Amino acid sequence: MPEGHTIHALAARLDRAFAGHAVRASSPQGRFAEGAALLDGQALLGSQAWGKHLFCEFDADRWLHVHLGLIGVFPVVPLPMELHGVEPEQVPVTGAVRLRLLNQTHVADLRGPMTCAVRTPEEVAAVEARLGPDPLRPDADPGTGWDRVRRSRKPVAELLMDQQVLAGVGNVYRCEVLFARRVDPYRPGRELRESTWLSLWQDLVELMPLGVAFGQILTMDDQVADARAEIAAGGVEQYTASLTGERLGERFERRFFVYQRTGEPCRQCGSRVRSAPLAGRTLYWCGRCQRRR
DNA sequence: TAGTGATGGCTAA
DNA sequence: TAGCCCTCACTAC
């Protein structure tokens with residue numbers, strides 16, 4: 001279930017479990033045997049995310065590059081006490097594990113990724129150069145995304161999903177922020193005002209860190225307020241650190257403005273939420289609230 | 001128990 | 001545009 005917030009949280013989890021020490025790497029499935037051999041025994045220096053791409057820096061200028069795609073998973077799990085410090089082959093494997101990272105206390109099994117490769121620093125830079133600004137990165141500049149949007153005839157809902165325009169935004173965030181700002185999803189990028197683009201960007205900058213902190217996408221005003229209050233009270237750091245899998249411990253009820261609410265009444269105006277395919281995924285929107293003005 | 005669609009996106013055609 | 005990665009949650013039977 002990877003939009004960008006998932007990958008940022010994953011990078012932090014990997015670092016908490018593995019960074020700073022040598023890691024055992026293997027490919028139980030066999031499809032990444034050569035790459036795993038390059039990483040095996042090297043120290044993990046640190047992990048970072050750019051949009052939906054995960055980069056883990058190992059010793060000797062070796063970078064693990066992972067993209068989960070739609071169906072990939074990479075849970076980081078504490079080893080049961082009886083398996084602490086055992087040899088890698090003694091830790092049971094279930095299913096098709098492309099890459100396993102293991103140390104004395106944790107195991108991380110990567111399954112079903114779209115991309116799993118060992119890269120050079122130059123190759124990592126080339127991947128990052130193709131990506132647009134990531135609202136979760138402090139160095140991100142929304143202006144580079146706007147340069148593409150303002151010249152494009154494509155619908156804004158398609159541009160929001162284009163990783164060269166914005167890195168890390170997936171189908172949930174695109175539908176929800178377009179609704180929140182009452183933007184017609186079919187409005188061509190070149191007809192969008194810059195102020196509208198910046199308001200969409202600002203919403204993402206404010207909402208996506210909540211996704212990282214709580215492990216789920218939060219967009220509804222009341223849930224966002226509750227999440228912010230919890231962060232202000234200082235209770236979230238421990239909560240985040242305890243997250244291991246993707247769906248463990250959902251703190252908030254799953255609830256959105258329009259996402260996956262086809263045919264249900266719009267929470268704002270009561271008219272039916274509509275849906276249609278756009279850019280390869282199902283777009284959800286309110287035809288009345290998001291009418292072009 | 002089997003089938004299906006999904007919070008992606010690359011490659012081949 | 002179809003295939004693919006081959007997981008996971010949910011639904012129909």
Side-chain angles (χ1 to χ4, degrees), chain A residues 1-10 27-32 35 49-55 65-77 93-100 108-117 119 123 126-132 134-136 154 157-179 185 203-204 207-220 223 243-250 252-263 275-285:
Chain A
M1 305 138 205
E3 295 199 26
H5 69 290
T6 310
I7 310 305
H8 282 262
L10 171 58
S27 178
Q29 174 204 46
R31 287 188 50 186
F32 189 58
W50 189 316
K52 298 164 186 171
H53 294 256
L54 172 71
F55 301 101
H65 174 205
V66 170
H67 193 300
L68 294 178
L70 186 59
I71 65 175
V73 289
F74 202 179
V76 182
V77 179
V93 177
T94 48
V97 176
R98 183 81 60 89
L99 169 66
R100 162 170 285 180
D109 282 345
L110 172 63
R111 303 162 196 274
M114 190 179 73
T115 302
C116 175
R119 308 281 191 208
E123 289 169 332
V127 173
E128 291 180 347
R130 290 201 303 270
L131 295 171
D134 176 347
L136 282 167
K154 290 181 184 171
E158 185 171 339
L159 292 165
L160 283 179
M161 292 276 283
D162 182 340
Q163 298 299 298
Q164 295 187 51
V165 173
L166 269 186
V169 174
N171 201 16
V172 182
Y173 280 120
R174 85 157 166 179
C175 295
E176 294 289 289
V177 297
L178 286 172
F179 176 85
D203 282 354
L204 293 166
L207 293 177
M208 291 181 75
L210 302 179
V212 177
F214 290 93
Q216 58 183 126
I217 295 175
L218 301 173
T219 61
M220 306 290 298
Q223 294 185 330
L243 288 175
T244 53
E246 305 303 323
R247 294 188 67 82
L248 275 182
E250 293 221 327
F252 291 92
E253 175 196 2
R254 187 182 160 87
R255 182 152 53 86
F256 299 111
F257 287 120
V258 289
Y259 179 73
Q260 282 191 338
R261 296 191 62 241
T262 308
S275 64
L278 184 64
R281 317 212 67 77
T282 307
L283 170 73
Y284 303 87
W285 81 105

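Protein chains get the first letters and strands the later ones, always in sequence-line order, with residue 1 at the start of each. Since we're looking at a predicted model, the values are computed, not measured.
Using a 4.5 Å heavy-atom cutoff, the side chains of A/Arg174 and A/Leu283 are in contact. Using a 4.5 Å heavy-atom cutoff, the side chains of A/His53 and A/Ile7 are not in contact. Looking at heavy atoms from C-beta onward, A/Phe32 lies out of side-chain contact with A/Leu110 at the 4.5 angstrom threshold. Between A/Phe256 and A/Ile217 the shortest side-chain heavy-atom distance falls below 4.5 Å. Residues A/Met220 and A/Phe252 have side chains not in contact (no heavy-atom distance under 4.5 Å, counting atoms from C-beta outward).
Closest to the side chain of A/Arg98, from the set B/dT7, C/dC6, B/dG8, is C/dC6. Taking the side chain of A/Lys52 as heavy atoms from C-beta on, and the options C/dT7, B/dA6, B/dG8, the nearest nucleotide is B/dG8. Distances were taken from every side-chain heavy atom of A/Gln260 (C-beta onward) to each of B/dA6, B/dG9, C/dC5; the shortest belongs to B/dA6. For A/Gln29, counting side-chain heavy atoms from C-beta on, the closest listed nucleotide (B/dT7, B/dG9, C/dC6) is C/dC6. Checking C/dT7, B/dT7, B/dG9 against the side-chain heavy atoms of A/Val73 singles out C/dT7 as nearest.
Here the C1' atom of nucleotide C/dC6 and the CZ atom of A/Phe74 are 17 Å apart, to the nearest Å. Counting to the nearest Å, the C1' atom of C/dC5 and the CG atom of A/Leu68 are 11 Å from each other. In this structure, A/Leu166 atom CG and B/dG8 atom P are separated by 13 Å, rounded to whole Å. Atom CZ in A/Arg174 sits about 9 Å away from atom P in B/dT7, given to the nearest Å. Rounded to whole Å, the distance from CG on A/Leu54 to C1' on B/dG9 is 16 Å. When rounded to the nearest whole Å, the span between OH of A/Tyr259 and C1' of B/dG5 equals 10 Å. As rounded to whole Å, 14 Å separates atom C1' of B/dG8 from atom CZ of A/Arg130. Summarising the geometry, the separation between CG on A/Leu70 and P on B/dT7 is reported as 7 Å, rounded to the nearest angstrom.
Residue A/Arg281 places at least one side-chain N or O closer than 4.0 Å to OP1 or OP2 of B/dT7.
Comparing the same atom, P, in C/dC5 and in B/dA13 gives a spacing of 14 Å after rounding to whole Å. For the P atoms, the distance from C/dT7 to B/dT11 is 22 Å, rounded to whole Å. Rounded to whole Å, the separation between the P atoms of C/dC6 and B/dT1 comes to 24 Å. Comparing the C1' positions of C/dC4 and B/dG5 gives a spacing of 16 Å, expressed to the nearest Å. When the P atom is compared between B/dC10 and C/dC8, the two are found 23 Å apart, to the nearest whole Å. With C1' as the reference atom, B/dT7 and C/dT1 are 23 Å apart, rounded to whole Å.
At a threshold of 4.0 angstrom between heavy atoms, the contacts of A/Arg31 are confined to the sugar-phosphate backbone, with no base atom among them.
When all heavy atoms of A/Leu159 and A/Val165 are compared, the closest pair comes out as O-CB, 3.4 Å.
Map A/Ile71 and A/Thr115 each onto its nearest nucleotide of DNA chain B; the residue landing nearer the 5' end is A/Ile71.
In this model, a side-chain donor or acceptor of A/Arg254 finds a partner on the base of B/dT7 within 3.5 Å.
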